[in-house]
Amino acid sequence: MEVKQYQIILVNLEPAIGSEIKKTRPCVVISPDEMNNHLRTVVIAPMTTSSKNYPTRVEIKHENRIGWVILDQIRTIDKQRIIKDPGKLSRPEIKEVKAVLRETFVD
């Protein structure tokens, strides 16, 4: 499966330990296409439909539902965990995700 940055993919995140996000859920691909094309892993941020208003969460609309990208739970997964690819972020959502990533992880 070809994986693109800012694509929404359905991922099995089990087994999880402690406070890690669990279950099979949609996730946003954070890693750039150059990495996605050459590695067997991808960097993802899980999504949820229920969230508090944390500065590391970005609200998006996916499959006619409101959800949040959880940028404080970024992790690297093997592509074997990917079940399917149900969508992609919109341009304004991508812009917001980039801004929060920059604010959170770049000096």
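Computed from heavy atoms alone, side chains included, the values below leave out hydrogens, waters and symmetry copies.
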For E14, is the CD atom crowded, meaning more than 12 foreign heavy atoms sit under 6.0 Å from it? yes

So if you build clusters from Ile, Leu, Val, Met, Phe, Trp, Tyr with side-chain heavy-atom gaps below 4.5 Å, do I70 and L101 land together? no

Report the distance from atom CD1 of I94 to atom OH of Y6, rounding to the nearest 0.5 Å. 7.0 Å

Applying a strict under-4.5 Å side-chain criterion to I, L, V, M, F, W and Y, I'd like to know whether I21 and V58 cluster together. no

Output, in order, the C-alpha distance, side-chain angles, deciding distance and verdict of side chain to side chain contact (heavy atoms under 4.5 Å, CB included) for T104 and L71. CA-CA 9 Å; T104 304; L71 295 172; 5.8 Å; no

K61 side chain near E93 side chain, heavy-atom distance below 4.5 Å: yes

Using side-chain contact (heavy atoms from CB on, under 4.5 Å) as the criterion, list what pairs up with T49, not counting sequence neighbours. R65

To the nearest 0.5 Å, what is the distance between CZ on R57 and OG1 on T48? 7.5 Å

Take a 6.0 Å sphere around CD of E103 and say whether it holds more than 12 heavy atoms from other residues, nucleotides or ligands. no

If you draw a 6.0 Å radius around NZ in K22, do more than 12 non-hydrogen atoms from other residues or ligands fall strictly inside? yes

Rounded to the nearest 0.5 Å, how far apart are CD of Q7 and CD of Q5? 11.0 Å

From I8 atom CD1 to R25 atom CZ, the distance as rounded to the nearest 0.5 Å: 13.5 Å

Passes side chain to side chain contact (heavy atoms under 4.5 Å, CB included), R75 versus I77? Steps please. CA-CA 6 Å; R75 66 193 262 193; I77 60 159; 4.1 Å; yes

Check whether any side-chain heavy atom of I74 sits under 4.5 Å from a side-chain heavy atom of F105, and report yes or no. yes

Got a sec, which residues hit salt bridge (charged side-chain N to carboxylate O under 4.0 Å, His left out) with D33, two or more places apart in sequence or on another chain? none

Do I60 and L89 come close enough that some side-chain heavy atom pair is under 4.5 Å? yes

Regarding D78 and T41, do their side chains bring together a donor and an acceptor under 3.5 Å, going by distance alone? no

Atom NZ of residue position K95 - does it have more than 12 heavy atoms of other residues, nucleotides or ligands inside 6.0 Å? no

Taking K4 first and then D85, would you say they form a salt bridge - that is, a charged N and a carboxylate O separated by under 4.0 Å? no

Polar side-chain atom of K84 near backbone of V11 as donor-acceptor pair, under 3.5 Å: no

From CG (L13) to NZ (K23), nearest 0.5 Å: 10.5 Å

Calculate, to the nearest 0.5 Å, the distance between atoms CD1 and CD1 belonging to I44 and I82 respectively. 9.0 Å

